[in-house]
Amino acid sequence: MSRAEGVIDVEAEAPVASWVLPVLAVVLTAGMLGYLQVASLDSIEQRVLVPDAILDATIQHINLVVASTLLVIVIAVPLGILLSRRRARWLGAPVLALANAGQAIPSIGVLVLLAILVGVGFSMAVVALVIYALLPVLRNTMVGLQQVDRSLIDAGRGMGMSARQVLTTIELPLAVPVMLAGIRVALILNVGVAALATYTNAGGLGTFIESGIVFNRMPILLTGSVLTIALALIVDWLAGLAENKLRPRGL
Amino acid sequence: MSDSFGSTALRLDSASPPNDVMIKLEGLRKRYPGQSTDSVRPLDMEIRRGEFVVFVGPSGCGKTTTLRMINRLVEPTSGQIWIDGRDVTHTDPDELRRHIGYVIQQVGLIPHLTISQNVGLVPKLLGWDKKRIEPRVDELLDLVGLDPAQYRRRYPKQLSGGQQQRVGVARALAADPPVMVMDEPFGAIDPITRERLQDEFLKLQQRIRKTIVFVTHDIDEALKLGDRIAIFGESSQLAQFATPLEILSHPADDYVRSFVGTGAAIRRLGLLRVGDLEGAGGGAGAGPALRVPPETTVYAALEQMLDAGAARLAVDGEPGAERSLSLQEMLAAAARGRQVPS
């Protein structure tokens with residue numbers, strides 16, 4: 001009897017031009033490699049641009065990004081959930097202000113300050129990256145939970161769900177897209193900021209950028225910067241794929 | 001027809017005595033912290049098993065707060081709530097709510113769950129196993145007029161507003177709760193669909209006989225649906241709690257009279273059925289007669305008589321029991337008239 005009432009089709013999803021970023025990354029990297037083949041490298045350049053060293057630095061860079069982003073998620077997501085609960089809501093503004101400050105301070109400042117105060121190395125770089133990338137994940141977790149339609153929570157409680165069940169079956173899944181967007185921003189930020197980790201002796205692709213500047217060698221500088229850019233593009237692409245995959249259906 | 005609904009219907013036909021109280025509110029009062037007046041003044045009310053009670057009143061009159069105190073989404077400041085003879089004022093609210101159907105204006109279907117998962121939510125909370133939930137979901141979708149095969153796997157967004165609220169009703173009925181509370185369930189639905197949903201819901205209620213508390217600000221909806229109507233005054237006080245016919249015939253005070261609005265006498269005719277009119281003669285009279293079945297409302301019968309230019313009405317009945325009424329007899333009987341038994 002009601003079957004005539006219109007049905008809106010939401011199955012069809014707009015195709016994302018997801019191939020643009022990886023293609024750009026490959027083109028950039030290939031162009032750079034081609035340039036290195038053609039250019040006649042002097043002894044300094046040849047000593048620095050060893051394939052193994054480039055690979056090591058890339059892996060180091062990825063490690064920095066992955067470790068810091070995982071740590072950011074582990075800290076910021078539970079904190080964001082906690083701060084969005086009714087009893088702790090008053091704490092939300094001051095904590096957000098603090099996280100804001102973490103991002104407002106220039107990242108090189110955080111890195112150097114930490115290096116002076118605590119020391120250098122991989123873990124120190126990770127700490128600096130975490131401070132820097134905490135804000136987007138924290139803020140998006142809180143915003144994502146706040147924007148959940150109040151009537152859904154009312155319906156959930158009215159059906160007899162406990163506060164915890166409402167959080168896990170209604171609030172969190174609906175906040176996931178916003179939270180993922182925050183994590184994606186954190187990842188991209190970290191790829192960029194990790195290039196500065198070389199100043200605290202934590203390696204990464206920044207090493208080539210630094211050497212390129214110090215030795216005044218264009219091919220070295222180019223290798224570091226192009227690979228950093230390519231990595232950022234690839235990470236953004238992968239994060240976008242993950243976002244599409246993990247977004248709950250039906251939204 | 002399933003066991004659960006079958007048993008509900010059985011209970012109606014046989015066991016329960018007519019005055020069996022299902023919901024009892026005793027001195028129920030709410031004052032929000034930091035306010036100097038009560039949002040709901042101490043309220044006493046008894047709602048019978050299988051009764052459809054509508055709370056109606058202007059916004060801020062406390063009708064929704066009272067409704068939400070019944071399933072304790074709002075905790076009363078003082079007073080007691082009894083459901084089916086049990087004091088539930090201080091029991092576990094989550095457990096309580098799993099046994100009270102809840103329907104709201106915004107519907108509140110969980111967007112990332114399918115229709116089937118939405119309807120199965122409460123049974124799942126109650127720990128039913130999958131084999132029991134699945135057929136139950138299909139049965140309920142069928143009950144509210146949605147083809148399970150077609151809608152089971154859809155997401156709420158793929159349904160129209162009217163269809164969504166059908167699912168909302170199905171979800172509230174899923175665990176076969178004896179009591180349902182409904183907060184303006186048809187308030188956000190377009191007028192044509194709303195009327196259809198009201199009609200269907202009335203029919204459904206005649207089968208399932210739940211005890212229903214229903215909030216609306218629309219007096220016409222209240223008059224149409226309610227067995228009894230509670231009219232709340234501005235100061236969150238109960239102005240009148242009576243049957244629709246009683247409210248139209250004998251409004252308690254000027255407030256109720258003005259709330260009901262103009263045309264009370266005409267609107268009463270929509271509540272009377274020609275078959276229930278008293279004092280009508282059995283014989284045939286002069287002039288052409290319009291033939292109608294006995295369940296026709298007096299309102300509809302008069303309308304048809306006007307259309308057809310008929311001065312007499314013939315009411316269908318068993319052979320020999322047909323009755324014929326003149327216009328004057330109809331009006332006189334309607335003035336004395338009883339309410340349509342629902």
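Throughout, a chain's letter reflects where its sequence line sits, starting with A, and its residues are numbered from 1.
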First locate atom [atom1] of [X], then atom [atom2] of [Y], and finally report the distance between them rounded to the nearest 0.5 Å.
X        : Y        : atom1 : atom2 : answer
A:Arg249 : B:Lys157 : CZ    : NZ    : 12.0 Å
A:Arg157 : B:Arg72  : CZ    : CZ    : 11.0 Å
B:Leu113 : A:Thr169 : CG    : OG1   : 7.5 Å

* B:Gly108 and A:Ala155: which non-hydrogen atoms are nearest, and at how many Å? ->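 Smallest heavy-atom distance, with atoms named: O-CB, 3.6 Å.
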
* To do: Over all heavy atoms of both residues, which pair between B:Pro111 and A:Leu251 is shortest? Give the atoms and the distance, please.
  =>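 Where B:Pro111 meets A:Leu251 most closely, the heavy atoms are CB-CD2, 3.8 Å.
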
* For chain A, find its close neighbours in residues 92-102 of chain B: heavy-atom separation under 4.5 Å, sorted by number, or none. =>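 Answer by number: B:Asp94, B:Arg97, B:Arg98, B:Ile100, B:Tyr102.
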
[atom1] of [X]: more than 12 outside heavy atoms within 6.0 angstrom?
X        : atom1 : result
B:Lys224 : NZ    : yes
B:Ile192 : CD1   : no
A:Arg150 : CZ    : yes

* To do: May I ask you to decide if A:Ile170's main-chain N or O and B:His112's side chain share a donor-acceptor pair within less than 3.5 Å?
  =>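 The answer is no, because no donor-acceptor pair under 3.5 Å joins these two groups.
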
* **side chain to side chain contact (heavy atoms under 4.5 Å, CB included) partners of A:Asn63, counting only residues at least two apart** =>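 Side chain to side chain contact (heavy atoms under 4.5 Å, CB included) list for A:Asn63, sorted by chain: A:Ile59, A:Phe122.
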
* To do: List in chain and number order the residues that pass side chain to side chain contact (heavy atoms under 4.5 Å, CB included) with B:Gln35, two or more places apart in sequence or in another chain; answer none if no residue qualifies.
  =>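 Residues passing side chain to side chain contact (heavy atoms under 4.5 Å, CB included) with B:Gln35: B:Tyr32, B:Ser39.
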
* Asked: A:Asp154 versus chain B, heavy atoms under 4.5 Å apart: side chain, backbone, both or neither?
  ->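 Contact with chain B: backbone and side chain both.
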
* Give the intermediate values and the outcome of side chain to side chain contact (heavy atoms under 4.5 Å, CB included) for residues A:Met161 and B:Leu125. => CA-CA 7 Å; A:Met161 287 186 185; B:Leu125 287 172; 3.8 Å; yes

* salt bridge (Lys or Arg N to Asp or Glu O under 4.0 Å) partners of residues 167-176 of chain A, not counting sequence neighbours, each pair once ->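 Sorted result for residues 167-176 of chain A: A:Arg85-A:Glu171.
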
* To do: Against chain A, label B:Arg68 side chain, backbone, both or neither, depending on which of its atoms sit under 4.5 Å from a heavy atom there.
  =>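 Side chain only.
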
